[in-house]
Amino acid sequence: MQISAINSYNTSFKSNPKKQEYENPIDRGTEKSLAVLSSIGTSAVAGAIAGGLTTCVTEGKKIPIAVGAGAALAVLGLTLPSKLYNTSVNAYTREKEMDVFSRQKAAQNNIYEGINDELQNNDIPLSEKINHYATVKMADNGNGMMIKGV
């Protein structure tokens, strides 16, 4: 097993030395292409099943092929619009969720940078530093209430 540097892996951050900005991984074009491929695959399977069942009932090669192709086109016509609509709605929703996630991470990063700068400052008393850090950690952990001594 070989251990390599982290820099060689693809990360979701742009290489901006000033500020790391989150790049949204949701691609609507890819989502749409996958929906079309999924619908085509489903219709091909339905057409093959319909053609196979028609082969058991009729004799000849042209009728089962025509029935299978017709069934495949019918299934494709019925499922493709629904899949495309649902995919576009879901992709939009996931894009917005990822945007909220990235904003939350950026805000959290800014807060921790401020706490770190405060910790480096020797003019601020230690009790105030601990109080600010504890407040941020409690908010990070999701504990909305914190009882502080006066």
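Values below: all heavy atoms of this structure, side chains included; hydrogens, waters and symmetry mates excluded.
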Could you check whether atom CG of L34 has more than 12 heavy atoms from other residues, nucleotides or ligands sitting under 6.0 Å from it? yes

Under the rule for side chain to side chain donor-acceptor pair (under 3.5 Å), what residues qualify as partners of K105, not counting sequence neighbours? Q108

For residues E118 and Y133, determine if any side-chain heavy atom of one lies less than 4.5 Å from a side-chain heavy atom of the other. no

Return all side-chain donor-acceptor pairs below 3.5 angstrom for residues 64-81, not counting sequence neighbours, or 'none' if the list is empty.
from : atom 1 : to  : atom 2 : distance (Å)
T79  : OG1    : S39 : OG     : 2.9
T79  : OG1    : V75 : O      : 2.8

Looking at E59, I want to see if its CD is surrounded by more than 12 non-hydrogen atoms of other residues, nucleotides or ligands under 6.0 Å. no

With sequence neighbours excluded, residues passing side chain to side chain donor-acceptor pair (under 3.5 Å) with K129: none

Side-chain atoms of residues 83-90: list all donor-acceptor pairs with protein atoms under 3.5 Å, sequence neighbours left out, distances to 0.1 Å.
from : atom 1 : to  : atom 2 : distance (Å)
K83  : NZ     : S38 : OG     : 2.7
N86  : ND2    : S82 : O      : 3.3
T87  : OG1    : K83 : O      : 2.6
S88  : OG     : L84 : O      : 3.3
S88  : OG     : Y85 : O      : 2.8
N90  : ND2    : N86 : O      : 3.2

Rounded to the nearest 0.5 Å, what separation is found between the OG1 atom of T93 and the CE atom of M98? 13.5 Å

Residues which pass salt bridge (Lys or Arg N to Asp or Glu O under 4.0 Å) with E97, listed by chain and number, not counting sequence neighbours: none

With a 3.5 Å cut-off and sequence neighbours excluded, list the donor-acceptor pairs that the side chains of residues 50-58 form with protein atoms.
from : atom 1 : to  : atom 2 : distance (Å)
T54  : OG1    : A50 : O      : 2.7
T55  : OG1    : G51 : O      : 2.6
T58  : OG1    : T54 : O      : 2.9

Positive for side-chain contact (heavy atoms from CB on, under 4.5 Å) with E113, one of N110, I115, N116, I111: N110

Look at the side-chain heavy atoms of Ile, Leu, Val, Met, Phe, Trp and Tyr, link any pair under 4.5 Å apart, and say whether L119 and Y112 land in one connected group. yes

